[in-house]
Structure formats: C-alpha cells, structure tokens
K.L.:
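Sharing a structure, written as structure tokens. Questions coming.
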Amino acid sequence: MLLTTKFLRPASDSRAVQRERLSALLTPGQPKRLNLVIAPAGFGKTTLASQWCARTTGSIAWLSLDEHDNEPRRFWQYVASAFENAGLTGLDACHQNLANSTDNSLENAITALINALATDDTPWVLVLDDFQFIFANEIQRQFAYFIDYLPAGVTITLVSRTEPALPLARWRVRGWLQEVHPALLAFSENESREFFHNTMGLAISEAQVQAIFQRTEGWVAAMQLTALSGHKTGSPRDQPAPTSQQPTLSLNQQHISDYVLTEVLDKQPPETVSFLLDTACCTRLCASLCDSIRHADDSQEKLEHLLAKNLFLVPLDNHNEWFRYHDLFRDALLQKLAATDALRAQQLRERAITWLLHHGQIQEAIAQIVQKEDWPWLAEVLATHGNKLIHGGFHLPVLDWLNALPERQITDNAQLQMLRVWGLFFANRLVQLEPLLSHVESLLQPGSETLNQDTESAPGLKSEISLIRSYLARSRSTDKNASDLTRQVLAEIDHTRIPLKSVTYYGLGLDDYGSGNLTGAEKSLKAAVHYGQIERKPSTVLSSGGLLAWIQYNRGDMDLALQTCTEVRQWVDRHYADPTQPRLISCWLSAALTEIHRECNQLQDAAAHLGPLLEHVNKGAEPGQHVIIQHVRGHLAFSEGRYQQAIEFLEDADTVARKRREHIVFEPPASSALLARCYLAIGETARARQILEAEDTRAVTNPLNREQNSISYARLLVAEGSPEPALALVTALIPDTEDNEHIRHKVEALLVCGDALALQNRTEQSQERIARALSLAADSGFMRLLTEESPRLQRLVRANAFLNSGGYWQQSVAEMLADQDQNDSTESTPTGSAPGAEAMALAEPLSQREREVLELINAGHANKDIAVHMGVAPATVKAHIRNLYGKLGVGRRTEALARARELGILTV
C-alpha cells in the first residue's frame with residue numbers, strides 16, 4: 001500500500017511572497033533536465049517549488065519523501081506512482097518489474113519508466129521534496145541512470161537540505177543542471193518587507209523591517225517565527241496602525257532556538273552535534289582554530305561535511321578555509337551549550353581567544369574578552385596590542401574597549417592612559433587631551449609608583465607625550481614649537497622601545513608642507529611610509545603616502561604621484577586584507593587620486609575615488625578631512641562647469657576651516673582661490689574680490705595657499721580690465737614657484753601672465769608665455785587646468801603654435817578645449833528665478849540651492865537631514881535658510897512655505 005497523500009502538492013498561499021526571480025530559474029527548457037533547490041531548514045524551498053508548480057502549465061507530479069523511502073524498491077514504487085497519479089499511462093511494465101525484482105537491481109523497472117515517459121511525448125515535471133532522506137548509494141546510482149536517459153521535455157526538481165551524491169559536475173558541464181542555493185533563496189529586503197506587510201499582515205516600521213532582515217540574513221523561518229510571536233501586537237493589513245503607534249517587533253530568540261534544536265540538531269548524528277556545539281564560540285571558523293579548541297585534527301573534514309549538508313555554514317572565501325555560522329544558528333548553539341555544559345563553554349571560549357591572539361586576530365579576541373567580561377585580561381591585551389590597533393585605523397573601537405574597563409584598572413596605568421590619548425587624538429577630540437597628558441606626566445614623575453613598576457616603558461611614553469604636544473602646537477599655529485618638539489622626539493626615539501618613527505616623520509612632513517618646502521616634505525613623508533611599513537601602521541602609511549602623492553601632484557610629477565598611491569594601497573591591502581573589517585580609507589590618498597584623475601580629464605575615475613569620501617562627510621568627518629574632501633569635491637564640480645554646486649562645497653569647506661581651526665593639525669588647502677574663480681566664471685567679480693580681500697584669505701601661511709590666492713587675484717584683475725597690476729603680481733610670483741618647484745602654480749601663473757599681456761596687445765610676448773606654460777603642462781601631464789581658464793585665455797591657448805605642433809597631449813587638450821567651447825555650462829549664469837509672480841515680487845531671485853533647501857523644508861526634513869541630503873555642513877544649511885528668509889521677507893519655516901506658495905515657487 002502506498003500513502004497517496006504523499007502525491008499531494010502543498011497548497012500555494014495567495015498571500016505568500018511571489019518569487020518571480022526564482023520561479024524563472026526553475027522553468028523547463030533545453031538542455032536542462034534537473035533543478036536542484038538546496039538550503040537548510042526554513043528557507044522556503046517547498047513553498048518556492050509549490051508556487052512554481054501552481055503557475056506552470058503541463059503535467060506535474062509531486063512526491064513528498066520521508067525517512068522510510070531510503071530503500072530502492074519503495075523509492076521507485078513511489079516515483080512511478082507519483083507519475084501515474086498525475087496521469088501518466090503505460091506503467092504496467094514498470095510496476096511488474098518492481099514487483100518481480102528479488103534484489104535492488106531495478107534497472108529494468110527504471111528503463112520501463114523512462115520508456116513510458118518517452119512514449120507519452122508530453123512535457124513532464126516531477127518534484128521530489130525532502131530528497132535529503134534519500135542517501136542510499138544504490139538509489140543515488142539508479143537516479144543518476146534515470147537522469148542520464150530522460151527523454152526531452154522531462155524536468156526533475158529535487159528539493160533538499162543537503163547536496164545529493166549525484167554526478168552534478170558532469171551535468172553542469174552539459175548544461176543539464178540549474179541550482180538554487182541558500183543565498184538565492186534568502187529573502188531580499190524588499191521580499192522581507194512584503195512578507196511582513198502582506199503575508200503576515202503586520203504594519204511594522206521600515207526600520208524594524210531592515211533590522212530584522214539584517215539580523216536574519218533573509219532566513220524565512222526566523223522571520224516567520226518572529227512575526228508569529230508578535231502577531232498579537234501587530235495591526236491587520238487592512239487596518240494599518242498610525243505611524244506614531246506602529247507596533248514593535250523583535251526577534252524571538254527562544255522560538256528560533258527551539259526550531260534549530262528540533263528541525264536541525266535533533267536530526268544530526270552525535271559527532272556532528274558535538275562539533276557544532278564545540279565550535280559555536282567562534283565568530284569565524286577555520287580548521288586550525290577548530291582543531292586547537294577541540295584538541296583534534298579532523299576539523300577541515302568536519303567543516304566540509306557541514307558545508308555539503310548545508311548546516312548554516314557560510315563560506316568566507318573561495319577556497320574553503322574560513323567560514324562562519326549563520327548568526328541565529330550560532331546563537332541557538334551557544335544557548336544549548338550554556339544550558340548543558342557551562343564549564344565547557346567557558347573553556348572552549350578561552351581556547352578560542354588564546355588561538356586568536358596567537359594568530360594576530362586581535363579584534364575578534366578582544367570582542368570575545370569583552371563579552372566574557374574578563375577585565376584584567378582585556379587590560380593586558382590592550383597594553384600589548386592597543387597601539388598597533390590605533391595606528392591600524394581602529395582608534396574608535398580601542399576607545400570603546402578602554403571605556404569598558406573599570407576605572408580603577410586604567411586611572412593609574414600610564415600605558416593605558418596614553419592609549420586613550422592616542423585614541424582621542426585620532427578621533428579629533430583634541431580639547432580632551434591636555435588634562436590627560438598632564439595626568440600621564442604626573443604618573444611618570446620620579447618616585448611615582450607607576451614609574452617604579454614600569455621603568456622600561458617610561459622613556460617611550462615621554463616621547464609619545466612630546467609627539468602629541470607637537471601636533472597640538474600645529475593646531476594652534478605655533479609651527480616652530482611643533483617642529484622643535486617633533487625633532488626632539490626624533491632625536492630620542494632610538495632610545496625607546498615604542499615604534500614612533502613613522503608618526504614622527506609624518507609630523508615633520510606636515511611641517512615642511514606647511515612651510516612650502518615640498519622637497520623636505522617629500523623626504524620626510526617617504527621616511528614615514530618606510531617606517532610605517534616596518535612598524536606595521538597602515539593608517540600612517542596611507543596618510544603619509546597620500547600627502548606625499550598630493551605634493552608630487554602639485555610639483556608636476558603626476559605619474560610618480562599615481563605610482564605612490566598604487567604602491568601604498570597595494571601594501572595596505574596585502575597586509576591588512578580582513579573581509580570582516582571595512583577597507584581602510586585615507587583622506588589624503590583618495591583626495592590625491594581624485595585630483596590626479598580630474599586633471600587628466602578622467603572625470604568618472606575622479607568621481608569614483610571621491611565617492612568613498614562623501615560618506616565620511618555625511619557621517620561627520622574630522623574637520624581637516626572635511627575641508628580636504630569638500631575642496632576636491634568643489635574642484636571636480638568646477639572642472640565640470642557645475643559652478644553653483646562648486647560654490648556650495650567650497651563655501652562649506654571655508655566655513656569649517658575657519659570655525660574649527662583649533663581642531664585641525666595642519667593648514668588645509670585654501671578654498672578661497674578656487675571659490676573666487678567660481679564667481680569669476682559666473683560673472684560676479686565683486687563677490688570674487690570680496691573673497692580674495694577678506695582678512696582670513698590674507699592670513700594664510702602655507703606658501704601653496706598664498707600662491708593660489710595671488711594667481712586668482714591676478715585673474716580677477718585681468719577680468720576687471722587691469723592687466724598691468726595683474727602682470728606685476730604674477731611676474732613677481734613666478735620665481736618663487738620655480739624655487740619651490742610648485743610646477744602647477746608656475747603653469748597657471750604663466751597662463752595668466754600671457755592673458756594680461758594679450759590684454760595689452762603684446763601678442764608676441766603673450767604667446768611666448770603661453771607656450772612656456774603649455775610646455776611645462778605637457779611635461780607634467782596637466783590638461784584639465786587649461787579648460788578652467790577664461791574663454792579669452794582658452795582661445796589664446798588654442799591659437800598657440802605649441803598646441804598645434806602634434807602629439808597625443810596636444811591633440812587631447814585641443815579636443816577638450818573644442819568640447820568646452822561647444823558645451824557652455826548650464827550653471828554659468830545664476831539659475832532659479834522663475835517668471836511671473838516670483839520675478840515681480842522678489843528683489844533678488846532664489847538660487848538653485850536655495851530652491852533645493854525650500855523643497856526639502858516643504859518635504860518636512862530637519863536641518864540635519866537637509867545637510868546630509870545636500871552633502872554640506874549643517875552651518876551651510878542654516879546660512880541658506882537665513883538667505884531664503886531674507887529674500888522671502890519671513891522669519892519662520894511656516895511663513896516661508898506660505899510665501900513660496902503664494903508666489904508660485906511651491907505648488908504643493
């Protein structure tokens with residue numbers, strides 16, 4: 001007797017998430033013969049197969065397998081009967097052979113089944129659900145024979161928790177196989193949203209949907225258990241809860257753990273359960289780690305076995321070395337181990353931490369120690385590894401770990417206090433440093449208990465204090481004091497055991513850069529990169545290499561600058577490639593790459609390097625980084641003719657540079673020169689003059705910034721029709737650019753000189769200066785700067801004999817200038833004013849950015865949200881709102897919106 005209910009296909013719920021992207025993969029087609037749907041329990045395998053069958057036309061047979069079907073005769077009896085129950089005829093020979101066979105050699109019966117399918121000449125689909133119960137070698141061999149000789153138009157779909165022992169590799173090569181694996185079966189975020197809102201009828205918030213999706217990683221069963229546990233508090237789909245009263249929903253860990261135990265662990269052999277429980281303490285797994293904590297040598301085999309059985313093991317690489325358990329599965333394992341053998345759970349965790357520390361996985365080890373709340377061990381590990389972590393870019397986690405320690409363990413510990421100083425320094429919390437430095441100095445006074453206990457580290461700590469004080473002096477613009485302190489540290493550093501050379505040389509590089517000594521800065525920064533690699537300090541290597549490339553770019557060595565960026569990035573990626581950690585980003589390095597590609601007219605590449613930096617601006621970058629990022633962002637917008645946006649970014653950079661100068665340990669690139677050029681480009685010479693004659697602009701100390709401002713002032717004079725003072729200004733400037741090897745500035749100065757001479761009708765001299773500028777630009781690879789000059793100067797460049805002398809560079813620049821001539825920027829004149837009521841009622845029309853702010857206010861966004869949306873600082877948004885209120889003649893948001901609607905600026 002056969003159980004006919006096993007031939008019934010599960011009913012398809014109309015409310016269930018429809019997964020068209022997966023159903024399309026299961027659709028029959030030549031030469032495909034087999035669909036393989038494999039995933040752990042609770043990933044919606046059966047639901048998917050049922051949905052697909054419901055929408056598939058043709059003859060469909062369904063068979064739900066169980067543990068009793070792992071016997072050849074019984075298995076094939078059910079397979080044949082499944083076809084017969086679905087309408088296939090001509091199976092008498094098959095049934096007769098099955099009945100008369102005295103052993104497990106059933107090839108005749110299987111052949112008869114294949115012949116019946118071929119004679120029927122109808123497209124058939126067979127779904128075998130829960131195929132993981134079929135593991136007998138004889139059935140696997142017979143099933144492979146069945147697939148090999150299937151007639152055209154017959155498609156078999158296997159739904160299984162584990163991968164069957166079938167010749168899948170051979171079938172893949174032939175194109176017979178379509179695989180649907182766990183990563184595909186996991187719900188996407190949109191599918192998760194549809195599941196909660198439509199299938200389960202819960203009106204939960206978007207934030208809750210995202211949080212549960214991220215925590216479950218799209219595991220459908222975990223979502224369903226969560227939804228069921230909170231269904232009583234949810235609102236029906238046709239009666240959504242008000243936004244202010246949306247129901248809350250969180251993962252029900254107990255229900256998920258019970259599901260894991262009953263549906264997964266209870267069905268595994270004891271040795272598999274033992275391995276799972278023993279290794280659950282590891283957030284990441286490899287064979288060596290598992291062997292160490294288990295005191296065994298077979299872990300690689302065990303891991304590959306778990307991977308083949310799809311037991312919630314996620315590979316982290318392409319060569320099956322590192323893995324992790326699904327987080328919720330791991331949580332269930334930990335809960336069971338703690339309940340059954342708490343002492344062993346503690347021992348296993350300690351072994352795992354020890355292995356991680358010995359193998360350089362410091363952050364994972366510390367995370368486990370914090371979870372264990374072993375504060376003495378945490379203090380010991382931080383004292384040993386904290387400095388390396390901070391200089392590896394992980395200063396914020398180190399601060400968090402220090403804050404987790406009981407205060408008594410850190411107050412009188414000079415080494416840990418110094419770690420806090422460095423962490424705060426890299427977090428740009430400079431105002432908190434002075435009291436801490438004084439406290440550390442008191443701990444190192446002769447006769448103090450701390451000094452008596454740790455005499456070896458005292459000299460190094462004193463050097464660290466001097467180095468920090470040198471950076472603080474730079475933030476106060478006391479450059480000589482900063483340089484003296486830095487050189488004092490460098491003189492004493494060989495007598496200490498603490499690796500500080502890279503950071504010290506970086507400080508010297510900043511000093512030389514600030515004084516305009518690019519040659520000295522280049523030498524110091526190369527040393528910083530060198531010692532940073534020896535000391536294994538990737539953040540210092542990136543920052544030093546990035547500033548070095550920035551200097552090489554300004555000196556006109558763009559190929560060398562690009563090589564520097566590439567070599568530094570490759571070294572960091574080679575030594576610090578951890579897939580669990582975010583990629584280390586250097587503001588200087590990415591900014592230099594943005595400028596290099598922008599100057600080479602590779603604008604898409606420039607934007608790609610700028611992209612990762614914008615996230616830091618939106619999240620709140622350190623002031624110095626904020627200024628650099630917005631500066632290069634503004635320069636890219638300027639090069640592309642987006643003058644209004646360029647003005648926004650540059651004004652934001654200028655505001656932050658002025659208001660937060662005490663938090664910046666170097667003089668960042670001045671935005672005033674480029675900002676003035678933006679206003680010149682849109683014809684607002686008065687505003688350009690106001691910027692260049694401002695007190696802050698005149699107070700800059702960095703020679704690079706002074707030169708930029710002077711060249712922009714000369715451009716202003718030429719634009720105003722005053723070539724003589726412009727010529728005097730740049731003529732006096734050119735020798736300085738030659739002496740300091742500021743090649744980019746020399747090119748720009750010569751161009752402006754040529755423009756001024758042309759305005760005096762001194763054509764021959766004008767073309768000579770421009771030819772010199774073009775020759776220098778060609779040698780250095782500068783191109784884009786030529787398209788950023790005034791239209792008149794661009795015409796002079798196009799007429800110059802050097803540009804028409806042939807060569808790749810000359811041809812590229814000529815084409816760029818021709819394109820520039822044809823494509824005048826849409827933002828070259830003020831935009832945003834509309835005809836009608838607004839034009840008549842407003843003395844000054846709204847700018848494009850003011851209109852954008854108004855639209856965002858109308859949409860209900862707060863100032864902080866508007867700043868993130870526009871990519872500027874909140875202070876810039878406030879300035880826009882003040883201007884907006886002034887132009888509309890209002891004092892509040894509601895009044896501004898009403899006035900804008902009255903004038904027709906807003907329609908809703």
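Values below: all heavy atoms of this structure, side chains included; hydrogens, waters and symmetry mates excluded.
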K.L.:
Asn517 side chain to Gly520 main-chain N or O, any donor-acceptor pair under 3.5 Å?
P.N.:
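A pair under 3.5 Å: yes.
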K.L.:
Using a distance-only test with no angle check, is there a side-chain donor-acceptor pair under 3.5 angstrom linking Asp652 and His626?
P.N.:
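There is such a pair (donor and acceptor under 3.5 Å, judged by atom type) between the side chains of Asp652 and His626.
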K.L.:
Decide whether Tyr553 and Arg744 meet the rule of one side-chain donor and one side-chain acceptor closer than 3.5 Å.
P.N.:
yes
K.L.:
Show the nearest heavy-atom pair for residues Trp588 and Pro669, with the distance to one decimal.
P.N.:
CH2-CD, 4.5 Å
K.L.:
Classify the side-chain pair Thr787/Gln794 by whether it contains a donor and acceptor separated by less than 3.5 Å.
P.N.:
no
K.L.:
Would you say that Ile770 contacts Leu750 through its side chain, given a criterion of any heavy-atom pair below 4.5 Å between the two side chains?
P.N.:
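They are not in side-chain contact.
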K.L.:
Salt bridge check, Glu748 against Arg715: does any charged N sit closer than 4.0 Å to a carboxylate O?
P.N.:
yes
K.L.:
Verify side chain to side chain contact (heavy atoms under 4.5 Å, CB included) between Tyr713 and Leu729, making sure each step is shown before the conclusion.
P.N.:
CA-CA 9 Å; Tyr713 198 80; Leu729 183 59; 4.0 Å; yes
K.L.:
Taking atom CE of Met816 and atom CG of Asp819, what is their separation to the nearest 0.5 Å?
P.N.:
8.5 Å
K.L.:
Answer yes when Arg687 and Glu693 have at least one side-chain N-carboxylate O distance shorter than 4.0 Å, and no when they do not.
P.N.:
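No, no charged N to carboxylate O under 4.0 Å.
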K.L.:
Around atom CG of Asp559, are there more than 12 heavy atoms from other residues, nucleotides or ligands closer than 6.0 Å?
P.N.:
no
K.L.:
Between Gln552 and Glu522, is any side-chain donor less than 3.5 angstrom from a side-chain acceptor?
P.N.:
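Indeed, the side chains of Gln552 and Glu522 share at least one donor-acceptor pair under 3.5 Å.
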K.L.:
Between Ile711 and Leu733, is there a side-chain heavy-atom distance shorter than 4.5 Å?
P.N.:
yes
K.L.:
Leu704 and His745: side chain to side chain contact (heavy atoms under 4.5 Å, CB included), yes or no, with the steps?
P.N.:
CA-CA 8 Å; Leu704 281 170; His745 289 172; 3.6 Å; yes
K.L.:
Can Ser502 and Glu535 be counted as having a side-chain donor-acceptor contact under 3.5 angstrom?
P.N.:
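Their side chains do contain a donor-acceptor pair, which is all the 3.5 Å distance test asks for.
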K.L.:
What is the distance from atom CG of Leu560 to atom SG of Cys565, rounded to the nearest 0.5 Å?
P.N.:
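If we round to the nearest 0.5 Å, Leu560:CG and Cys565:SG are 9.5 Å apart.
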K.L.:
With the threshold set at 4.0 Å, does a side-chain nitrogen-carboxylate oxygen contact exist between Arg784 and Glu599?
P.N.:
no
K.L.:
Checking Tyr808 against Gln811 for the side chain to side chain contact (heavy atoms under 4.5 Å, CB included) test, could you report, in this order, the C-alpha distance in whole Å, the side-chain angles of both residues, the deciding distance, and whether it holds?
P.N.:
CA-CA 5 Å; Tyr808 174 78; Gln811 182 180 352; 5.5 Å; no
K.L.:
Is there a donor-acceptor contact under 3.5 Å linking the side chains of Ser671 and Asp654?
P.N.:
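Per modelled atom types, Ser671 and Asp654 side chains form no pair under 3.5 Å.
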K.L.:
For Ser766 and Arg762, indicate whether the former's side chain and the latter's backbone hold a donor-acceptor pair under 3.5 Å.
P.N.:
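Flag not set: sc Ser766 to bb Arg762 has no pair under 3.5 Å.
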K.L.:
Would you say the side-chain atoms of Asn800 pair up with the backbone N or O of Leu796, donor to acceptor, closer than 3.5 Å?
P.N.:
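Not at all, since once roles are kept as given, no pair shorter than 3.5 Å links the two residues.
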K.L.:
Any non-hydrogen side-chain atom of Leu803 less than 4.5 Å from a side-chain atom of Leu817?
P.N.:
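Yes, close enough: below the 4.5 Å cut-off.
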K.L.:
Taking all heavy atoms of Ser544 and all of Tyr506, pick out the closest pair and write down the distance.
P.N.:
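Residues Ser544 and Tyr506, closest heavy atoms: OG-CD1, 3.3 Å.
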K.L.:
I need the minimum non-hydrogen distance between Ser672 and Ile691, along with the two atoms involved.
P.N.:
O-CG2, 3.7 Å
K.L.:
To check you understand the geometry: which heavy-atom pair defines the closest contact between Gly545 and Leu589, and what is its length?
P.N.:
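Scanning both residues, the minimum pair turns out to be C-CD1, 4.3 Å.
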K.L.:
Starting at OG1 of Thr540, measure out to CG of Leu525 and round the result to the nearest 0.5 Å.
P.N.:
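Thr540 atom OG1 to Leu525 atom CG measures 11.5 Å (nearest 0.5 Å).
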K.L.:
Drop me the distance from Arg798's CZ to Leu793's CG, to the nearest 0.5 angstrom.
P.N.:
12.5 Å
K.L.:
When you compare the side chains of Thr519 and Glu741, does any donor N or O come within less than 3.5 Å of an acceptor on the partner?
P.N.:
yes
K.L.:
Please check: side-chain N/O of Asp512 versus main-chain N/O of Leu518, any donor-acceptor pairing under 3.5 Å?
P.N.:
no
K.L.:
Does the side chain of Gln644 come under 3.5 Å of the side chain of Glu648 through a donor N or O and an acceptor N or O?
P.N.:
no
K.L.:
Closest heavy-atom contact between Val627 and Ala653?
P.N.:
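Minimum heavy-atom separation between Val627 and Ala653: CG2-O, 3.6 Å.
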K.L.:
State whether a side-chain donor-acceptor pair under 3.5 Å links Arg598 with Ser639.
P.N.:
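Per modelled atom types, Arg598 and Ser639 side chains form a pair under 3.5 Å.
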K.L.:
Is it the case that more than 12 heavy atoms not belonging to Glu724 sit under 6.0 Å from its CD atom?
P.N.:
no
K.L.:
Does some side-chain heavy atom of Met558 sit less than 4.5 Å from a side-chain heavy atom of Phe782?
P.N.:
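SC-SC contact between Phe782 and Met558 confirmed.
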K.L.:
Quick one: CG on Leu751 to CG on Leu786, what's the gap to the nearest 0.5 Å?
P.N.:
6.0 Å
K.L.:
Check for a donor-acceptor pair, side chain of Trp571 on one end and backbone N or O of Pro538 on the other, with a separation under 3.5 Å.
P.N.:
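No, because the side chain of Trp571 does not come within donor-acceptor range (under 3.5 Å) of the backbone of Pro538.
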K.L.:
Using modelled atom types only, decide if a donor and an acceptor are shared between the side chain of Ser775 and the backbone of Arg772 within a distance under 3.5 Å.
P.N.:
no
K.L.:
Give the minimum heavy-atom separation between Cys753 and Arg769, together with the two atoms involved.
P.N.:
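Where Cys753 meets Arg769 most closely, the heavy atoms are SG-NE, 3.7 Å.
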K.L.:
Any donor and acceptor pair, going by atom type alone, linking the side chain of Ser722 with main-chain N or O of Val718 inside 3.5 Å?
P.N.:
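Judged by distance alone, no pair lies under 3.5 Å.
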K.L.:
Verify, without hydrogens or angle tests, whether Ser524 (side chain) and Ala521 (backbone) share a donor-acceptor contact under 3.5 angstrom.
P.N.:
no
K.L.:
Evaluate the side-chain proximity of Ser712 to Leu692: yes if any heavy-atom separation is below 4.5 Å, no if none is.
P.N.:
yes
K.L.:
Quick one, Trp550 and Tyr513 - any side-chain contact, counting heavy atoms below 4.5 Å?
P.N.:
yes
K.L.:
Working to the nearest 0.5 angstrom, can you tell me the gap between Leu785 CG and Glu788 CD?
P.N.:
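Output value for this atom pair is 6.5 Å.
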K.L.:
Between His631 and His635, what is the ring plane arrangement, given parallel below 30°, perpendicular above 60°, and tilted in between?
P.N.:
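Correct class here is perpendicular.
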K.L.:
Apply the test side chain to side chain contact (heavy atoms under 4.5 Å, CB included) to residues Leu636 and Leu603: give CA-CA distance (whole Å), side-chain angles for both, the deciding distance (0.1 Å), then the verdict.
P.N.:
CA-CA 8 Å; Leu636 181 59; Leu603 302 184; 4.1 Å; yes
K.L.:
Indicate yes or no: at least one non-hydrogen side-chain atom of Leu562 is less than 4.5 angstrom from one of Leu593.
P.N.:
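Yes. Closest side-chain heavy atoms under 4.5 Å.
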K.L.:
Would you mind reporting whether Arg569 and Val541 have side-chain heavy atoms less than 4.5 Å apart?
P.N.:
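Not in contact.
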